[in-house]
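To start, the structure under review is shown below, and the notes come after it.
Here the structure is a predicted model, which is why all the values come from computation and not from measurement.
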Amino acid sequence: MTATFIAGPKFRQTQWVGFIGGEGVVRSYTPDAGSWTYLIEMTLGPKPNFGRVGAETTVMLNEADLRAA
């Protein structure tokens, strides 16, 4: 059995981050293949005339795709 060590996550929960296509808040993160994968809740845009239909957009991104906002 071989132990693999990865550095701690670069971003923390509730931290604002930016990425190509938008920005948002880190909601959670998990280790994945020697790096970290983050669940990002994107910021709200203007409310449309027909109202909001459901939960806002969340995306899963690799740590390399994020930058501190």
Side-chain angles (χ1 to χ4, degrees):
M1 179 168 34
T2 304
T4 303
F5 295 98
I6 61 172
K10 185 175 178 182
F11 305 102
R12 301 288 177 198
Q13 287 184 345
T14 71
Q15 182 177 354
W16 281 95
V17 293
F19 51 92
I20 293 176
E23 61 180 18
V25 177
V26 175
R27 291 299 174 203
S28 66
Y29 49 88
T30 57
D32 181 38
S35 184
W36 293 89
T37 299
Y38 294 81
L39 183 65
I40 309 297
E41 183 179 294
M42 294 179 69
T43 57
L44 295 175
K47 185 174 180 180
N49 292 338
F50 53 84
R52 301 216 187 266
V53 176
E56 295 307 316
T57 302
T58 56
V59 293
M60 292 192 77
L61 295 170
N62 190 286
E63 188 170 76
D65 298 327
L66 300 173
R67 60 177 161 67

>> Restricting to side chain to side chain donor-acceptor pair (under 3.5 Å), what partner residues turn up for D65, sequence neighbours left out?
In response: none
> Does a side-chain heavy-atom distance below 4.5 Å link I40 with V26?
Replying inline: yes
>> Do Y38 and S28 have side chains that approach each other closer than 4.5 Å (heavy atoms only, starting at C-beta)?
In response: no
> Of the non-hydrogen atoms in I6 and S35, which two are nearest, and what is the gap between them?
Replying inline: CD1-O, 3.6 Å
> Considering all heavy atoms of both residues, which atom of G18 and which atom of A69 are nearest to each other, and what is their separation?
Replying inline: N-CB, 4.0 Å
> What is the distance from atom CG of L66 to atom OH of Y29, rounded to the nearest 0.5 Å?
Replying inline: 13.0 Å
>> How close do A68 and Q15 get, counting heavy atoms only, and between which atoms?
In response: CB-NE2, 4.2 Å
> Which heavy atom in T14 sits nearest to a heavy atom in R27, and how many Å separate them?
Replying inline: CG2-NH1, 4.3 Å
>> Could you report the tightest heavy-atom contact between E41 and T58, atom names first, then the distance?
In response: CA-CG2, 3.9 Å
>> In this structure, would F11 and V59 fall into the same cluster of hydrophobic residues linked by side-chain contacts under 4.5 Å?
In response: yes
>> So which atom in F19 and which in L61 form the shortest heavy-atom distance, rounded to 0.1 Å?
In response: CG-CD1, 3.6 Å
> Just by distance, do the side chain of E23 and the backbone of V17 share a donor-acceptor pair under 3.5 Å?
Replying inline: no
